[in-house]
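Please read all numbers here as calculations on a predicted model, not as lab measurements. Within every chain, numbering begins at 1; the chains are lettered A, B, ... in the order of the sequence lines, protein sequences first and strands thereafter.
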There are 2 protein chains.
Amino acid sequence: MAREAKNSGSPRKAGPVSRPAAHSSEAVDDYLKAIFWLSGPEERRVASNEIAAYLRITTASVTNMLQKLAAARPPLVSYQKHHGVQLADPGKLRAREIVRHHRLVETFLHDVLGYAWDEVHQEAERLEHFISEKFEERIAAKMGNPQFDPHGHAIPALDGSMPQVEQMTVHQLPVRQRARVVSVSDKDPEMLRYLAAQGIGPGTLLTVMEYLPFAGPYRVRIGRNKSEVLLSLPLTQAVYVAPAE
Amino acid sequence: MAREAKNSGSPRKAGPVSRPAAHSSEAVDDYLKAIFWLSGPEERRVASNEIAAYLRITTASVTNMLQKLAAARPPLVSYQKHHGVQLADPGKLRAREIVRHHRLVETFLHDVLGYAWDEVHQEAERLEHFISEKFEERIAAKMGNPQFDPHGHAIPALDGSMPQVEQMTVHQLPVRQRARVVSVSDKDPEMLRYLAAQGIGPGTLLTVMEYLPFAGPYRVRIGRNKSEVLLSLPLTQAVYVAPAE
DNA sequence: GGCAGAAATTAGTTATACCTAATATTATGA
DNA sequence: TCATAATATTAGGTATAACTAATTTCTGCC
Ligand SMILES: [Mn+2]
Ligand SMILES: [Mn+2]
Ligand SMILES: [Mn+2]
Ligand SMILES: [Mn+2]
């Protein structure tokens, strides 16, 4: 992908390209997404450090890319040497668009193509960069513009807006406080398979009955008062819930 | 995409990668496809020249890449300096796999997502490189393992085999010889829209009534003896037919 | 057989995006 | 306050895959 530099004359592929704006590269997309997640809802500055760990690359590479993102016109990030970055508006918009792509694709793979919920993340992680606006629009339409992906994550709207859902992890949930599962981390397929086997997914009602000292496990009642399961600390941190009235 | 070179230590993305073989790059895929098409059914050697024109890049770039493809282990092409290339078996297999991806994706976009037949090629041209084997398998299954794409092109089987259909262009069709449209070139969206408007697509019965000297136009009867249309030389070369019994 | 022109290759450059190693800056705690 | 540890930046290098310009090889024709 070393084209479109000085090469305004002849695009490498034939056919009229409808997309007007120059698309950001996969690498740029991934940095924007990383900053988006790491900066959190309060949109705090993110250290090169954190980005490097998140993307599993060196801090030198990160510094390099941050300088490019800041030098882009319009700038995608606001960058201050030695003091981290923040997404500028264009960068934030692009990050949210990629998140929309990711979650729509996940939902599509799950609902339309019958993928298991632990299989969708990996494929979406790649495809999110390469689908067109038309593809996005068509799969969204086919599924009736879904609001949530298979893991319970909210799908950003076309304008980038994302409903902020009030939520905490099971780890943070007080004992005996009944709660409903909002979403589950999609990063670890094994964890997802295990949770599914325990009957835990978005919508599941649960109550922490007891947590044992020194990092659990947690004894959790599923549903009204049916079964009980034991969840390790990592599992309780991967399940997000909202207290039920 | 400058990873996976000396970088055996830490893959850039988290998560266990199920794909075992190192995937070829988009550029490599495109070269293999170009050689595949240019060498034709008789699999003749292809000149750097032709590849450069087909991919709209310089011959220097082509020479460079051909040397890499030949140096790969196992070699993807058989290359002799100044005497063009031929696909080696691994290259041929990969080329056919990409063609399978392309045509399955086109069919999926058309049949499942409701794309018009002039819109599918561009999107498939990109996605063919990035879908997984699972995605391929799932869309194929969802559509009942289709044999042909929306333009009438045969979809290679999983083992790479492609039925060789007997066909000629309308340009080559003798006058008054009734024929059935097998396939239509998918490269030019405008042409596809025009042909669709004339009622011409895979399966259409037609007869050349007359061709006027000096590059046409051709007077062509559509169906049994309903309407007649005029087709320019480029159009008659874009429509492939098989004589009807 | 030799020569001109076409085709291909080599050489050197650019851009992206990674890397390691060396250096600089910032933050902390004695 | 100031030395040291943690962070970040710079400098220099690699690989991919394009480019232009210079050079070489091949081919067809006289
Ligand atoms: Mn989009
Ligand atoms: Mn998800
Ligand atoms: Mn495949
Ligand atoms: Mn086609």
Side-chain angles (χ1 to χ4, degrees), chain A residues 1-13 22-35 38 44-73 76-86 129, chain B residues 1-14 22-35 38 45-73 76-86 129:
Chain A
M1 305 205 166
R3 304 130 198 176
E4 67 216 80
K6 282 258 172 64
N7 183 17
S8 59
S10 56
R12 182 146 168 284
K13 293 291 176 175
H23 239 44
S24 44
S25 71
E26 191 179 354
V28 168
D29 282 355
D30 285 343
Y31 276 93
L32 296 176
K33 253 201 333 174
I35 300 166
L38 292 168
R44 59 163 240 282
R45 302 190 81 78
V46 176
S48 309
N49 221 4
E50 304 174 74
I51 299 171
Y54 188 88
L55 295 178
R56 297 157 166 274
I57 55 179
T58 61
T59 53
S61 302
V62 172
T63 297
N64 212 272
M65 178 62 98
L66 295 186
Q67 288 169 353
K68 280 185 209 163
L69 297 179
R73 283 189 38 84
L76 296 166
V77 299
S78 134
Y79 167 65
Q80 278 177 250
K81 249 182 204 177
H82 291 104
H83 297 283
V85 275
Q86 237 177 340
H129 307 288
Chain B
M1 310 211 165
R3 303 128 199 183
E4 67 215 83
K6 281 258 173 63
N7 184 15
S8 58
S10 58
R12 183 145 168 284
K13 292 291 177 179
H23 239 44
S24 43
S25 72
E26 191 178 355
V28 168
D29 282 355
D30 285 342
Y31 276 93
L32 295 176
K33 253 199 336 172
I35 299 167
L38 292 169
R45 302 191 79 79
V46 176
S48 308
N49 222 4
E50 304 174 74
I51 300 172
Y54 188 88
L55 294 178
R56 299 157 166 275
I57 56 181
T58 62
T59 54
S61 303
V62 172
T63 296
N64 214 273
M65 178 61 98
L66 294 186
Q67 288 169 351
K68 281 183 207 164
L69 296 180
R73 283 188 40 82
L76 295 167
V77 300
S78 132
Y79 167 65
Q80 277 177 249
K81 250 182 202 176
H82 291 105
H83 296 284
V85 275
Q86 233 177 342
H129 306 288

Using whole Å, what does the distance between atom [atom2] of nucleotide [N] and atom [atom1] of [X] come to?
| X | N | atom1 | atom2 | result |
| --- | --- | --- | --- | --- |
| Gln67(B) | dT16(D) | CD | P | 14 Å |
| Asn49(A) | dA5(D) | CG | C1' | 13 Å |
| His129(A) | dT16(C) | NE2 | P | 18 Å |
| Arg45(A) | dA8(D) | CZ | P | 12 Å |
| Ile51(A) | dA8(D) | CD1 | P | 9 Å |
| Glu26(A) | dT16(D) | CD | C1' | 15 Å |
| Asn64(B) | dA21(D) | CG | P | 17 Å |
| His82(A) | dA24(C) | NE2 | P | 11 Å |

| task | Could you give me the CA-CA distance, side-chain angles and deciding distance for Val62(A) and Asn49(A), then say whether side-chain contact (heavy atoms from CB on, under 4.5 Å) is met? | result | CA-CA 8 Å; Val62(A) 172; Asn49(A) 221 4; over 6 Å; no
| Looking for any heavy atom pair under 4.0 Å, which part of the strands does Ser48(A) touch: base, sugar-phosphate only, or nothing? | sugar-phosphate
| Using a cut-off of 4.0 Å on non-hydrogen atoms, how would the nucleic acid contact of Ala47(A) be classed: base, sugar-phosphate, or nothing? | sugar-phosphate
| message | Is the shortest side-chain heavy-atom distance between Ile51(B) and Tyr31(B) below 4.5 Å? | response | yes
| Is there side-chain contact between Lys68(B) and Leu76(B), with heavy atoms separated by less than 4.5 Å? | no
Measuring to OP1 and OP2 of [N], would you say a side-chain N or O of [X] lies under 4.0 angstrom away?
| X | N | result |
| --- | --- | --- |
| Tyr79(A) | dA8(D) | no |
| Ser25(B) | dA17(D) | yes |
| Thr63(B) | dA8(C) | no |
| Lys81(A) | dT10(D) | yes |
| Ser61(A) | dC18(C) | no |

Tell me which nucleotide among [options] gets nearest to the side chain of [X].
| X | options | answer |
| --- | --- | --- |
| Met65(B) | dA18(D), dT16(C), dA21(D) | dA18(D) |
| Ile57(B) | dA18(D), dT20(C), dT9(C) | dA18(D) |
| Tyr31(B) | dT9(D), dA17(D), dA18(D) | dA18(D) |

| field | Nearest-0.5 Å distance, CG of residue Leu66(A) to NZ of residue Lys81(A) | value | 12.5 Å
| task | Indicate whether any N or O donor in one side chain lies under 3.5 Å from an N or O acceptor in the other, for Asp30(A) and His129(A). | result | yes
